[in-house]
There are 2 protein chains.
Amino acid sequence: MTEANARRYMVVKNFIKQGIEDGSWKEHKRVPSENQLVETCNVSRMTARRALDELTEEGILYRVQGRGTFVAPKKLHSPMLEIRNIADEVSERGHKYSNELILLQKEQCPNHLLHYFDLDEGDDIYHSIMVHKEDNKPIQIEQRYVNPKAAPDYLKQNFNEMTPNVYLSAVAPLTQAEHQIEAKEADPFMRVTLKLQDNEPVLSIDRTTWSRDLLVSYCQLFHPASRFKLTGRFTTEHQLTEL
Amino acid sequence: MTEANARRYMVVKNFIKQGIEDGSWKEHKRVPSENQLVETCNVSRMTARRALDELTEEGILYRVQGRGTFVAPKKLHSPMLEIRNIADEVSERGHKYSNELILLQKEQCPNHLLHYFDLDEGDDIYHSIMVHKEDNKPIQIEQRYVNPKAAPDYLKQNFNEMTPNVYLSAVAPLTQAEHQIEAKEADPFMRVTLKLQDNEPVLSIDRTTWSRDLLVSYCQLFHPASRFKLTGRFTTEHQLTEL
DNA sequence: TAGTTCAACTTGTATATACAACTTAGCATA
DNA sequence: TATGCTAAGTTGTATATACAAGTTGAACTA
């Protein structure tokens, strides 16, 4: 994969990224203008422009008409408060995703969940616990209770290939969800499993999902405070607006 | 607002969006190819292409080389966290709201915020710290930096009557917001102010708000883990616009 | 000195063109 | 019939060019 065959706008993008990474251009400092890149990288202005545009779209640069293109202050490019596949999230950050299955079994539905799942005492429910990792460091404990009516084959799945989230979305299209987010003190299991430091709290997300009127799953996600943030953004415009 | 002066790629974008909205093209169906748009909309291929590219970037379309451009299936939208008046929230729960102003002053903008607010070193900024209480128990520390350009009379307000949030929404209509949510260990000030128990962590929300292109305010909200949860809910039926 | 104008430089929009890479359907061949 | 090839259509990359629009600083003027 020499640069000879590489797409030229990628060469320019990498040139800029490299320069930011090694400190040639710092936050809010100007990077080379389109015309300077034409000279330096020996590409057309449209190609240089495409590189800068894409980096702007990615939040790495920002542009001001008439002034120039600048290095954007680094934001944690983390996902929105969105229901996503954690494996995708990790690989989008350019890291290695892996996971570890700790428990996957059928068991009697715990009493406090009976009425949520509309089950009777003694009815079975599926229960899984797994740990998701980013570059081999644990970033999420996922404890999940699944409604057998919604996903009868849940226990037969191989969750190395496909996260529970993805599998459930496939067999029971998600129509509704509810979250509850809170900070919590870690218990000993979390401290060990998430490799927490002394007194490091966890960010907890409780999520309940429905497919049509059927409650599909209730899950609890625990994240180490030091390695996980939730970010969200919204705009009030963004419809068919012009100007 | 006629199409004569409109940017031409916007005309094409709206043409496609309109067609999707009124059902001309449904999910996974092909929309007109670049060359067809050249004919239909009387633009160059590069302009048609830009329109399709941007709609693809926005997740409205997807493209397959050699096959065409298609309408993307509706994505789950992020369950946005509601920006609400904490006073209303508390009284909706049937409790008594009160607050305490700890600091309200003009000061030099801290260095790490200069660029965000587009200010120069030495420029003034408004700074407030207050504690919000539910039934006289503290549930939120609000530290806020306010852009004087957006709310010149911020210092003259009586925040017993109206929370900063409400006041700012009134003088500078909110158009954009960004959040960052995380669990944190409490520092001594928080422990005292929020009356935290030993090792009780806090749920921290960083929020930046804009009115049009003007950054109005940056604030940090800290909540006792034991007395505060964030909840969100969404459905796929309708795009939620919890404002 | 204070204000204005202007030239140079920046990004933003738009067009025309060329060829590469990929997909599909239909045709030709074994 | 089954296979392979090709032509036509699609998106992807790249260039050259032109002008619009916004910013800045230096030269000029009152």
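Note that these values count all heavy atoms, side chains included, but never hydrogens, waters or copies made by symmetry. Proteins come first, then strands; the chains are lettered A, B, ... in the order of their sequence lines, and each starts at number 1.
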Original post:
B/H127 vs B/Y145 aromatic rings, parallel, tilted or perpendicular, using cut-offs 30° and 60°?
Top reply: parallel
Original post:
Under 3.5 Å, is there a donor-acceptor pair linking the side chains of A/N99 and A/Y97?
Top reply: yes
Original post:
Quick one: B/L61 CG to D/dT11 P, roughly how many Å, whole number?
Top reply: 11 Å
Original post:
Atom CZ of A/F70 to atom P of D/dT23: distance rounded to whole Å?
Top reply: 11 Å
Original post:
Nearest 0.5 Å, what's the CG-CG distance between B/L113 and B/N147?
Top reply: 11.0 Å
**OP:** Verify the distance criterion only: is there a donor paired with an acceptor across the side chains of A/Y154 and A/S128 at less than 3.5 Å?
**Re:** yes
Original post:
Any donor-acceptor pair under 3.5 Å linking the side chain of A/T47 with the backbone of A/V43?
Top reply: no
Sort me out a list of protein N/O and nucleotides 6-9 of chain D N/O pairs below 3.5 Å, or just none if empty.
residue	atom	partner	partner atom	Å
D/dG9	N2	B/G66	O	3.0

Subject >> Pair B/F222 + B/F189: ring centers closer than 6.0 Å >> reply: no
Subject >> Presence of salt bridge, A/E34 and A/R50, under 4.0 angstrom >> reply: no
Original post:
Hey, are B/D22 and B/S24 close enough side-chain-wise for a donor-acceptor pair under 3.5 Å?
Top reply: yes
Original post:
If you measure only the distance, is there a donor-acceptor pair under 3.5 Å linking the side chains of A/Y218 and A/D206?
Top reply: yes
Subject >> Value rounded to 0.5 Å, distance of NZ in B/K29 from CD1 in B/I20 >> reply: 14.0 Å
Subject >> Aromatic centroids of A/Y9 and A/F15 separated by under 6.0 Å >> reply: no
Original post:
What residues in residues 44-53 of chain B put a non-hydrogen atom under 4.0 Å from any atom of DNA chain D?
Top reply: B/R45, B/M46, B/R49
Original post:
Has B/T69 got a side-chain N or O lying under 4.0 Å from the OP1 or OP2 atom of D/dT11?
Top reply: yes
Subject >> Interatomic distance, B/L55 CG vs D/dT11 C1' [rounded to whole Å] >> reply: 15 Å
**OP:** May I have the distance from B/Q36 (atom CD) to D/dT11 (atom C1'), rounded to whole angstrom?
**Re:** 13 Å
**OP:** Using the closest heavy atom to pick a nucleotide of DNA chain D for each, name whichever of A/V64 or A/M10 lands nearer the 5' end.
**Re:** A/M10
Subject >> Contact interval (first through last nucleotide) of DNA chain C with protein chain B, 4.0 Å heavy-atom >> reply: C/dT13 to C/dT24
